[in-house]
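Report on the following structure.
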Amino acid sequence: MIQRRKGEGKTHAEVSAELNRVGYHSARCRAFTPVIVSSLIKQFRAEENVKPEERELASWGLRDLAHELGLRKETLNTWRRRGWVHATKESTRWTFWADEEELKRLRKLVDHNRRGLQKTPTELTTPIINHPQKNA
């Protein structure tokens, strides 16, 4: 949304006001400001310039990954407890690990019909990647 609005010629102040109006908040659960939007734009530009083979494993906060997948945070936490997604606890927060391939798997898991007694296929519940702490 931020990049799209900037592409439409909106100012950082206009983008931050819209984010706040829609109900988004920063990683620290605060209202967006023009400074935060500016910082995020710089981050997005830096990430766009990284070649796919140079990308590191993407880390996500609980809220961010849940939003990306269109899930409730509680569902993602249940998946974490079941071992269906890689996560590490840093202080009081969980960091989730998912690159593009892992995101594809998680999206398939989101789309899987779990009504009734349907078993969830193992290929959807088994993480593809290992998080950095396990690789170290």
Side-chain angles (χ1 to χ4, degrees):
M1 178 177 175
I2 294 172
Q3 290 173 303
R4 186 173 50 236
R5 294 298 184 246
K6 285 299 294 175
E8 294 169 357
K10 303 282 185 188
T11 66
H12 292 169
E14 290 170 327
V15 173
S16 62
E18 182 175 354
L19 289 167
N20 294 327
R21 186 174 51 255
V22 175
Y24 288 106
H25 47 80
S26 73
R28 295 187 181 196
C29 298
R30 295 190 177 128
F32 275 95
T33 65
V35 172
I36 292 173
V37 170
S38 176
S39 175
L40 288 170
I41 293 291
K42 288 177 187 173
Q43 215 175 332
F44 296 150
R45 283 188 194 131
E47 290 171 4
E48 287 173 354
N49 293 329
V50 177
K51 297 175 187 166
E53 62 272 10
E54 296 174 349
R55 289 184 194 264
E56 290 185 25
L57 190 56
S59 64
W60 300 80
L62 172 66
R63 182 176 290 120
D64 295 332
L65 184 56
H67 179 74
E68 176 72 21
L69 297 171
L71 289 175
R72 295 179 56 224
K73 294 181 296 185
E74 294 80 6
T75 301
L76 189 55
N77 256 326
T78 298
W79 289 4
R80 176 190 52 78
R81 286 192 303 274
R82 291 178 178 172
W84 292 4
V85 63
H86 284 297
T88 54
K89 192 166 188 177
E90 297 175 6
S91 184
T92 60
R93 295 179 185 233
W94 286 94
T95 298
F96 292 80
W97 304 95
D99 59 8
E100 283 303 316
E101 186 178 7
E102 184 70 352
L103 287 173
K104 286 178 189 174
R105 179 189 69 85
L106 292 171
R107 288 184 181 109
K108 287 179 184 176
L109 181 57
V110 168
D111 292 339
H112 178 70
N113 181 358
R114 292 179 297 282
R115 289 195 178 156
L117 299 175
Q118 293 214 4
K119 183 168 172 43
T120 306
T122 305
E123 64 268 14
L124 296 182
T125 60
T126 305
I128 297 170
I129 58 168
N130 290 314
H131 57 74
Q133 282 71 13
K134 286 190 177 180
N135 290 337

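Side-chain atoms are counted along with the backbone in the values below, which use heavy atoms only and exclude waters and symmetry mates.
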How close do [X] and [Y] get, heavy atom to heavy atom, and via which atoms?
| X | Y | answer |
| --- | --- | --- |
| Glu102 | Asp99 | N-OD1, 2.9 Å |
| Ala31 | Ile36 | O-CD1, 3.8 Å |
| Pro34 | Ala13 | CG-CA, 3.7 Å |
| Tyr24 | Met1 | CE1-SD, 4.0 Å |
| Thr126 | Thr122 | OG1-O, 2.8 Å |
| Lys73 | Leu62 | O-CD1, 3.8 Å |

Sub-4.5 Å side-chain heavy-atom contact between [X] and [Y]:
| X | Y | answer |
| --- | --- | --- |
| Trp79 | Val110 | yes |
| Leu19 | Val37 | yes |
| Arg107 | Leu69 | yes |
| Phe32 | Leu40 | yes |
| Pro127 | Arg105 | yes |

Between [atom1] on residue [X] and [atom2] on residue [Y], distance to nearest 0.5 Å:
| X | Y | atom1 | atom2 | answer |
| --- | --- | --- | --- | --- |
| Arg21 | Ser16 | CZ | OG | 10.0 Å |
| His12 | Thr33 | NE2 | OG1 | 10.5 Å |
| Arg81 | Trp94 | CZ | CH2 | 10.0 Å |
| Thr125 | Lys108 | OG1 | NZ | 13.5 Å |
| Leu124 | Leu106 | CG | CG | 9.5 Å |

side-chain contact (heavy atoms from CB on, under 4.5 Å) evaluation trace for Arg5 with Glu18: CA-CA 9 Å; Arg5 294 298 184 246; Glu18 182 175 354; 2.9 Å; yes
Arg82 to Trp84, cation-pi by 6.0 Å centre distance and 45° axis angle: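 Flagged: Arg82 positioned over aromatic ring of Trp84.
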Residues Thr88 and Trp97: side-chain donor-acceptor under 3.5 angstrom: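 Yes.
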Arg63: salt bridge (charged side-chain N to carboxylate O under 4.0 Å, His left out) partners, not counting sequence neighbours: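 Arg63 satisfies salt bridge (charged side-chain N to carboxylate O under 4.0 Å, His left out) with no residue once adjacent residues are dropped.
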Same apolar cluster (I L V M F W Y, side chains within < 4.5 Å links), Val35/Ile2: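 No, Val35 does not connect to Ile2 through the hydrophobic network.
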Derivation and outcome, side-chain contact (heavy atoms from CB on, under 4.5 Å), residues Trp60 and Leu103: CA-CA 11 Å; Trp60 300 80; Leu103 287 173; 3.7 Å; yes
Residues forming a side chain to side chain contact (heavy atoms under 4.5 Å, CB included) with Glu74, sequence neighbours excluded: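 Testing Glu74 for side chain to side chain contact (heavy atoms under 4.5 Å, CB included), a comparison that skips the adjacent residues, returns Arg72.
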Working for side-chain contact (heavy atoms from CB on, under 4.5 Å), residues Asp64 and Phe96: CA-CA 9 Å; Asp64 295 332; Phe96 292 80; over 6 Å; no
Whether over 12 other heavy atoms sit under 6.0 Å from His67 NE2: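 No.
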